[in-house]
Amino acid sequence: MRAYDLIQKKRDGAALSAGEIAWLVDGFVLGSVPDYQMAAFLMAVYFRGMTFEETAALTDAMVRSGETLDLGSLAGCAVDKHSSGGVGDNTSLVLVPLVASAGVPVPKLSGRGLGHTGGTLDKLEAIPGFNTALSEAAFVEQVERIGCAIAGQSAAMVPADAQLYALRDVTATVDSVPLIASSIMSKKLAAGASAILLDVKCGRGAFMKTASDARVLAEAMVAIGREAGRRTAAVISAMDYPLGRAVGNALEVAEAIATLRGEGPGDLEALCLVLGGWMLVLGGRAVSPEEGSEELLRRLRSGDALRKFEALVSAQGGDARVVGDPGRLPSAPLRLPVPAPAAGVVAGIDAEAVGLAAMQLGAGRTRKGEVVDPAVGVVIERPAGAAVKVGESLATIHARSEEAGLAAAREVAAAFEIAESAPAEAPVIRGVIRG
Ligand code: URA
């Protein structure tokens with residue numbers, strides 16, 4: 001086989017066989033297929049797409065490129081969860097302990113921030129001492145003991161995704177449905193859970209800008225999960241505005257703690273209850289998502305979910321005193337208001353622009369491997385639909401320096417759209433795909 005012929009075949013719109021795709025992926029990981037040929041292949045996929053059989057074969061080849069996690073020793077149906085990436089999306093911090101508190105084991109392997117979107121590992125590491133680098137044995141043992149764990153994937157798992165993603169990131173081939181579906185699902189299948197809930201974001205702050213593109217991605221991922229014998233469902237949720245109020249690592253941890261106390265922003269709590277309701281259905285603890293959501297609301301009100309979060313933080317070496325006293329989390333030295341330039345109603349907040357402003361403050365990475373600042377970020381003071389007077393603060397910037405803070409304040413001000421009347425309220429949940 002020659003990489004040249006496979007690139008040409010895809011370029012001309014033909015479908016590759018599973019054997020051809022496996023040959024290409026194996027060769028890329030071993031180094032016999034160079035970056036420039038793989039980049040050309042990815043661009044051909046970007047324009048030509050892939051059949052379902054090709055996407056499933058690509059996912060399978062990526063899973064087989066490395067080690068997989070064996071969760072066979074866990075009692076009960078373990079449910080994993082994945083978000084396709086958003087701004088202020090701290091649902092995992094709430095959902096993992098919440099769902100575990102209802103008796104469904106949640107072994108969660110998470111990632112770091114990507115572009116303007118935040119990452120669960122960066123957020124958790126804002127808690128002093130929190131260790132996200134668990135060995136496989138420690139990860140499984142913790143899920144057996146307390147019902148949940150959140151850790152980073154080891155470099156030995158799905159190395160093909162790490163290499164392909166780095167190439168896609170610099171060749172404008174990230175936003176392709178077969179490439180995103182295989183990237184996400186290869187990691188979820190390798191992570192070993194029997195069931196998977198996908199939160200597929202759509203809107204200005206997401207990789208998929210429209211609900212119809214998000215649906216195509218969700219259907220592809222659910223079909224891959226079903227083919228691999230995992231119970232899989234996808235919820236399509238809106239990401240036009242930042243989720244909740246906080247964007248930034250420690251700020252989002254504090255917001256997650258408030259939500260686990262029953263005092264969080266309404267949109268974040270509502271989304272967590274829907275996603276969690278589906279996780280309980282997949283885990284066999286509820287017959288409908290509504291029944292699951294009701295059970296989870298009881299767990300929030302009783303304090304069980306908050307206690308589970310405290311147990312999770314302690315088990316992973318973090319300072320669990322932050323749960324009772326979020327003031328112990330790192331905080332930025334400067335707080336700057338973002339004054340409203342006009343009176344009216346907040347008609348829109350560009351989530352991507354707010355995510356980029358937080359990234360520039362240091363909450364995310366502008367270069368690979370950069371250390372993130374846990375303390376900085378943005379807190380939205382006037383969410384969509386709120387009335388504002390001239391000069392009232394739309395948001396608060398948490399910054400390390402005045403220069404960085406003023407630059408972020410300008411970007412965040414430009415992200416707000418102020419109109420005479422409130423926009424029609426759009427639902428957060430845009431659809432559900434069941435496997
Ligand atoms: N998240 C991933 O893990 N992979 C993608 O390709 C996009 C988002």
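If you're wondering where the values come from, they're calculated on a predicted model, not measured in any experiment.
- Pairs engaging residues 233-246 under the side chain to side chain donor-acceptor pair (under 3.5 Å) rule: Asp199-Ser237, Lys201-Ser237 [sequence neighbours left out].
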Side-chain donor-acceptor pairs of residues 263-276 under 3.5 Å, sequence neighbours excluded:
unit_1: Asp267; atom_1: OD1; unit_2: Gly244; atom_2: N; d: 3.4
unit_1: Asp267; atom_1: OD2; unit_2: Gly244; atom_2: N; d: 3.1

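- Residue pairs meeting the salt bridge (Lys or Arg N to Asp or Glu O under 4.0 Å) criterion with at least one member in residues 247-261, sequence neighbours excluded: Lys123-Glu252.
- In terms of the salt bridge (charged side-chain N to carboxylate O under 4.0 Å, His left out) criterion, residue partners of Arg298 (sequence neighbours excluded) are, by chain and number, Glu295.
- Residues that satisfy the side chain to side chain donor-acceptor pair (under 3.5 Å) test with Arg321, not counting sequence neighbours, are Asp319.
- Within the 3.5 Å criterion, the main-chain N or O of Phe139 finds no donor-acceptor partner in the side chain of Gln142.
- For residues 162-177, there are no salt bridge (Lys or Arg N to Asp or Glu O under 4.0 Å) pairs, not counting sequence neighbours.
- For the atom pair CG of Leu24 and CG of Leu58, the computed distance is 9.0 Å after rounding to the nearest 0.5 Å.
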Can you list, pair by pair, the side-chain donor-acceptor contacts under 3.5 Å of residues 345-355, counting residues two or more places apart and other chains?
unit_1: Asp350; atom_1: OD1; unit_2: Glu352; atom_2: N; d: 3.1
unit_1: Asp350; atom_1: OD1; unit_2: Ala353; atom_2: N; d: 3.2
unit_1: Glu352; atom_1: OE1; unit_2: Lys209; atom_2: NZ; d: 3.4

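- Under the side chain to side chain donor-acceptor pair (under 3.5 Å) criterion, no residue pair touches residues 408-419, with sequence neighbours excluded.
- In terms of modelled atom types and a separation under 3.5 Å, the side chain of Ser302 and the main chain of Arg299 share a donor-acceptor contact.
- Under the 3.5 Å distance criterion, the side-chain polar atoms of Gln316 are matched with a main-chain donor or acceptor of Asn131.
- Listed by first and then second residue, the side chain to side chain donor-acceptor pair (under 3.5 Å) pairs that reach into residues 398-407 are Asp373-Arg400, sequence neighbours excluded.
- Heavy atoms from other residues, nucleotides or ligands lying under 6.0 Å from OH of Tyr46 number 12 at most.
- A salt bridge (Lys or Arg N to Asp or Glu O under 4.0 Å) check over residues 306-315, counting only residues at least two apart or in different chains, returns the pairs Asp304-Arg307.
- Screening residues 90-113 for salt bridge (Lys or Arg N to Asp or Glu O under 4.0 Å) gives Arg112-Asp122, Arg112-Glu125 as the qualifying pairs, with residues at least two apart or on separate chains.
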Could you pull out every donor-acceptor pair under 3.5 Å between side chains of residues 221-230 and any protein atom, sequence neighbours left out?
unit_1: Arg230; atom_1: NH1; unit_2: Leu189; atom_2: O; d: 3.2
unit_1: Arg230; atom_1: NH1; unit_2: Ala193; atom_2: O; d: 3.1
unit_1: Arg230; atom_1: NH2; unit_2: Leu189; atom_2: O; d: 3.1

